[in-house]
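Report on one structure; see the data block that follows.
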Protein chains: 2
Amino acid sequence: MDPNIDQYAFNPVTPDIVEALRGICGPAHVTANDPKAMRKYAHDQVPGERYAHMPDVVVCPRTAPEIAAVVRLANQAHIPVTPRAAGSGLSGGAVPAHGGILLSVERMNRVLEIDVANLMAVVEPGVVTNLLDKALEPHGLFFAGYPMSDEFCFIGGNVAENAGGGRAIKYGVTGRYIHGLEMVTPTGEIVQLGGKRVKDVTGYDLVHLMVGSEGTLGIFTKIFIRLLPRPTERVAILALFETAADAIAVVPQVVTAGRLIPSAVEFMDRFCFGRTVEALQESFPTQGIGAALLMEVDGNRADVVANEADIIRAICRDIGAKAEFVAQDAKEIERFWKIRKQIPWVLKRYSPVQSIEDIVVPIAAIPDLLPELERIGNAFDTMIPVFGHAGDGNLHATPVKNPAHTMAQWEELLGPLLTQMYQVTARLGGTISGEHGIGHKRRDYLPLVMEEAQIRMMRRIKQALDPNNILNPGKIVMLE
Amino acid sequence: MDPNIDQYAFNPVTPDIVEALRGICGPAHVTANDPKAMRKYAHDQVPGERYAHMPDVVVCPRTAPEIAAVVRLANQAHIPVTPRAAGSGLSGGAVPAHGGILLSVERMNRVLEIDVANLMAVVEPGVVTNLLDKALEPHGLFFAGYPMSDEFCFIGGNVAENAGGGRAIKYGVTGRYIHGLEMVTPTGEIVQLGGKRVKDVTGYDLVHLMVGSEGTLGIFTKIFIRLLPRPTERVAILALFETAADAIAVVPQVVTAGRLIPSAVEFMDRFCFGRTVEALQESFPTQGIGAALLMEVDGNRADVVANEADIIRAICRDIGAKAEFVAQDAKEIERFWKIRKQIPWVLKRYSPVQSIEDIVVPIAAIPDLLPELERIGNAFDTMIPVFGHAGDGNLHATPVKNPAHTMAQWEELLGPLLTQMYQVTARLGGTISGEHGIGHKRRDYLPLVMEEAQIRMMRRIKQALDPNNILNPGKIVMLE
């Protein structure tokens, strides 16, 4: 439970408030006094109950004016509002940490427009990311910033967390493709920032201040997404190495000597790769393999893409890869990716009690980071399997509870373990989140990686835009 | 002269202040009471005197701590500080509109580091953009966000204005490559935002709030720039069309049917193309040519790039291009670009009195915009030649004073003309600046393209971070 839970002294959600919310959103779309139905809104994908919190009322508005009315009411009554998309986040961003109103955008799930001439899609925040992709496919276009959870996450959540995915090394993360946002401000105004224009320097870049603001500065009601031509050709390479250092050495070589940016460079350490190959009953060798890289190249010409794959394979061989496998057709590519995508579930099966981390360091610092993580794991008698987006220096180092430890021991060691992990990351020029966000899960660790002056700037911006502190309070930073 | 000039009631720069500044920066680097030496700091590249203003003192600090000391002094004494890079801007961003201290970063001109393993350069703000490019060339890398003025602009100014250039359609603008900033805050603290990590969602994206903030929210002292592999192959295509509509129709076709993003798509209308061909004594036909497109493709394989050029040529022919010319070697490519780059100078020769505009619309709206611009020009008996980045919808429509008009007539008609131009732009989903910024040149037109709620958000952010309003006051928005 959050120790600051009552610091802000919000007002309770009274029956009158619930009635007013029913008037705004319609009675069918407001849920109170029903713990069973409300339970799922107390969580995101962070394991355990430590960061969960029940809302007092759940509202599912359909329109921007409804959301604006809810937010104005919340300001008047001094009740917190926590916006929620699919709840697939990993930092508590969508959890109503101070109770109050949970505002779900699940009913705002329309693709409003696919504007081919302008290469823009306009969508509501509750659209499942993968459904947008399916809608774009017939047009030969795609949204290149999608995250790995695209089969269930919502676009609204992708934008709120500035989610990244397996193709960020080439295509960047969600934010690069967001050119406009219609949103409700923390004071209940509807405003459109940006739009379908590709370039815009008309004043401060509020669009990208909102991207990644985790629902603390606004609730998105329309999202303008820039589209790219969809690559027709893909080749995946799975390369196996004796050591993690060998695997990591491939990355800068590919970009500098190979002069190319792969569309994916995913890293799996010995444990993640071995366990997942075993769990999937896959045939890839694991004996003597210290690390695996899953790389992909894409484009529109088969010969070019094949040539790029050859360049990558040659670099892998030069660096001493023990084996490389190449996948050219969609089914085989999917087989390779399945190993990478199954890792979180395999780790959960090994131990459901764990802390999925999201540290990011300059790419050249990964070889220095890995032994440090091993050292920290040993010091706490806790395994820290590592997988993630090596091409971005973004690693999901995931401490998992030692089965020999009690829950009390785990709870006691996790804080000091994370502190050491974050300190090492900071010392290597890194930070604590590359794509999952801060929420209230990482909030109190922020001073380990960020100067007080920067935290103060964030606090001042929050106070300036949300004077009553009602929008997703307790996330990213606490106010004074 | 700015009508709000004394609204903020700043204090004068006294001899004591000048002495204190000399103590901070060294006597050789502080200039006061020398109008001749200070004259160049009263201007950027905006023609005429309307937006010029003399500083009271010019300081050229060498280090971040010196800048921090200047800013703290300015806060105590309530004197404005206007940061300046090369002064090549086009919206008055670097002009000390309220006098006070002009802070030039011209002595902070070192490339601090080219970190090949991390694909990052770290530079001081006073580095000439093109000199960074020359330093990167031997490493096979480049900074892809550079603007057209790269031979004289400074990186610091590129970041402050979020400048774009001729390759933005493929590579995006400056901001995409900025991963970290060391800066002095408006209250005189030194803070480092971001760094060499590629992904970062640790709190609000302050880096990109600072990019394009035109020196109103911070003074950059170190800039972390992400580098890309430098393309080895380029082909340029100059295609000539009977009408602007034909030329513009090429752009979405190339991206959707051609499935490729050219590295440049530059538009030149009849007047710009014809006059410049004539001024350069070039041999390209101009008779019956209503518009020209200069396109470029780049990459690492000559056959692929040549093939992409063929795709583009075929699309041009399908749409009815009157002629196309192809340049494959660097010298010939430079010859094509010279036409595009000389346009502003040719227009200045035609009439030095002009207003270089920077409107941007969704790309598909360009065919609707062009006749509107012609209509407005006719209504004011003033030519509005159009050139610019068609691939981004960003057009430098440039009203030039009719030689038959007096200066008084020009001064009188320009405001209403710009108002109509901006209103049309807004109606088409566009805005008033794609890459040049707002400064004080466009500030008072902001309400034509931006809702009051958004302007208020910008004002609140400015007030939150610069409580004494001393950093480049009067730019982007006036405070209340």
Side-chain angles (χ1 to χ4, degrees), chain A residues 116-119 140 161-162 164 168 173 185 189 191 193 195-206 208-209 211-213 229 252 255-256 259-260 300-301 304 360-364 392-394 429-435 437-438 449-451 453-454 457-458 460-461 463-465 476, chain B residues 116-119 140 161-162 164 168 173 185 189 191 193 195-206 208-209 211-213 229 252 255-256 259-260 300-301 304 360-364 392-394 429-435 437-438 449-451 453-454 457-458 460-461 463-465 476:
Chain A
V116 175
N118 280 312
L119 298 170
E161 298 292 331
N162 197 13
V173 295
T185 70
E189 293 168 297
V191 61
L193 312 174
K196 288 184 183 174
R197 54 249 186 193
V198 176
K199 287 161 80 178
D200 187 349
V201 294
T202 309
Y204 301 147
D205 185 355
L206 298 184
H208 291 98
L209 179 62
V211 172
S213 65
V255 179
T256 53
R259 292 187 102 90
L260 62 91
N300 294 322
R301 275 182 53 177
V304 175
V360 55
V361 292
I363 47 178
D392 304 314
N394 183 202
T431 189
I432 59 177
S433 184
E435 59 181 22
I438 301 306
V449 293
M450 198 177 271
E451 296 159 84
Q454 183 174 352
M457 286 167 76
M458 299 202 297
R460 284 184 187 153
I461 289 169
Q463 283 165 324
L465 299 182
I476 304 180
Chain B
V116 174
N118 280 311
L119 298 170
E161 299 292 330
N162 197 12
V173 295
T185 70
E189 292 166 300
V191 62
L193 312 174
K196 287 185 184 174
R197 53 248 184 193
V198 175
K199 288 161 78 178
D200 188 347
V201 293
T202 308
Y204 302 146
D205 186 355
L206 299 184
H208 293 99
L209 178 63
V211 172
S213 65
V255 179
T256 53
R259 294 186 101 89
L260 62 90
N300 293 323
R301 274 181 53 176
V304 175
V360 54
V361 293
I363 48 178
D392 305 314
N394 183 204
T431 189
I432 58 177
S433 183
E435 58 180 24
I438 301 304
V449 294
M450 198 177 274
E451 298 160 84
Q454 182 173 352
M457 286 166 76
M458 298 201 298
R460 284 183 187 154
I461 290 169
Q463 282 164 325
L465 298 183
I476 304 180

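Numbers restart at 1 for each chain; the letters A, B, ... are given by sequence-line order, proteins then strands. In this text, all values refer to a predicted model and were calculated from it rather than measured experimentally.
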Sidechain-backbone polar pair: B:T431 side chain, B:V449 backbone, donor-acceptor under 3.5 Å:
no

Using a cut-off of under 4.5 Å on heavy-atom pairs, state which of B:V198, B:V211, B:V201 scores highest against chain A.
B:V201

Atom pair OG/CD1 of B:S213 and B:I461 - distance to nearest 0.5 Å:
10.5 Å

Look only at the side chain of A:N118 and the backbone of B:A364, and say whether a donor-acceptor pair between them is shorter than 3.5 Å.
yes

Residue from B:V116, B:V173, B:V304 scoring the most non-hydrogen pairs under 4.5 Å with chain A is B:V304

Report which part of B:V191 has an atom under 4.5 Å of a heavy atom belonging to chain A: side chain, backbone, both, or neither.
both

So which of A:G393, A:A464, A:S433 has the biggest tally of heavy-atom pairs under 4.5 Å with chain B?
A:S433

Partner chain B: residue of A:I438, A:T202, A:L193, A:D200 with the largest heavy-atom pair count (under 4.5 Å):
A:T202

Does any backbone or side-chain atom of B:E189 lie under 4.5 Å from a heavy atom of chain A? Answer side chain, backbone, both or neither.
side chain

Determine whether B:L209 and B:Y204 make a side-chain contact, defined as any pair of heavy atoms from C-beta on separated by less than 4.5 Å.
no

Which heavy atom in A:P362 sits nearest to a heavy atom in B:K196, and how many Å separate them?
CG-CB, 3.8 Å

Nearest 0.5 Å please: distance from the OG1 atom of A:T185 over to the CZ atom of B:R460.
7.5 Å

Examine whether an atom of B:I432 lies under 4.5 Å from a heavy atom of chain A, and if so say whether it belongs to the side chain, the backbone or both; otherwise answer neither.
both

Quick one: what part of B:Q463 sits under 4.5 Å from any heavy atom of chain A, side chain, backbone, both or neither?
neither

Below 4.5 Å from any heavy atom of chain A, which atoms of B:R301 appear? Answer side chain, backbone, both or neither.
side chain

Comparing B:V361, B:L260, B:L206 against chain A, the one with the most heavy-atom pairs below 4.5 Å turns out to be B:L206

Please determine, among B:G140, B:G164, B:G212, B:G195, the option with the most heavy-atom pairs under 4.5 Å with chain A.
B:G140

So which part of B:N300 gets closer than 4.5 Å to some heavy atom of chain A, the side chain, the backbone, both or neither?
side chain

Checking B:K199 against A:N394: is there a side-chain donor and acceptor pair closer than 3.5 Å?
yes

Below 4.5 Å, heavy-atom pairs only: which of A:G437, A:G203, A:A168 has the largest tally toward chain B?
A:G203

Assess the residue pair B:I363 and B:D392 against the criterion (side chain to side chain contact (heavy atoms under 4.5 Å, CB included)); give the C-alpha distance rounded to whole Å, side-chain angles, the decisive distance to 0.1 Å, and a yes or no.
CA-CA 6 Å; B:I363 48 178; B:D392 305 314; 5.7 Å; no

Please confirm whether the backbone N or O of B:G434 pairs with a side-chain atom of A:R197, one donor and one acceptor, at under 3.5 Å?
no

Let me know if B:E451 has heavy atoms under 4.5 Å from chain A in its side chain, its backbone, both or neither.
side chain

Please flag which part of B:I476 lies under 4.5 Å from any non-hydrogen atom of chain A: side chain, backbone, both or neither.
side chain

Which residues share a side-chain contact (heavy atoms from CB on, under 4.5 Å) with A:V255, sequence neighbours left out:
A:I261, B:L119, B:P229

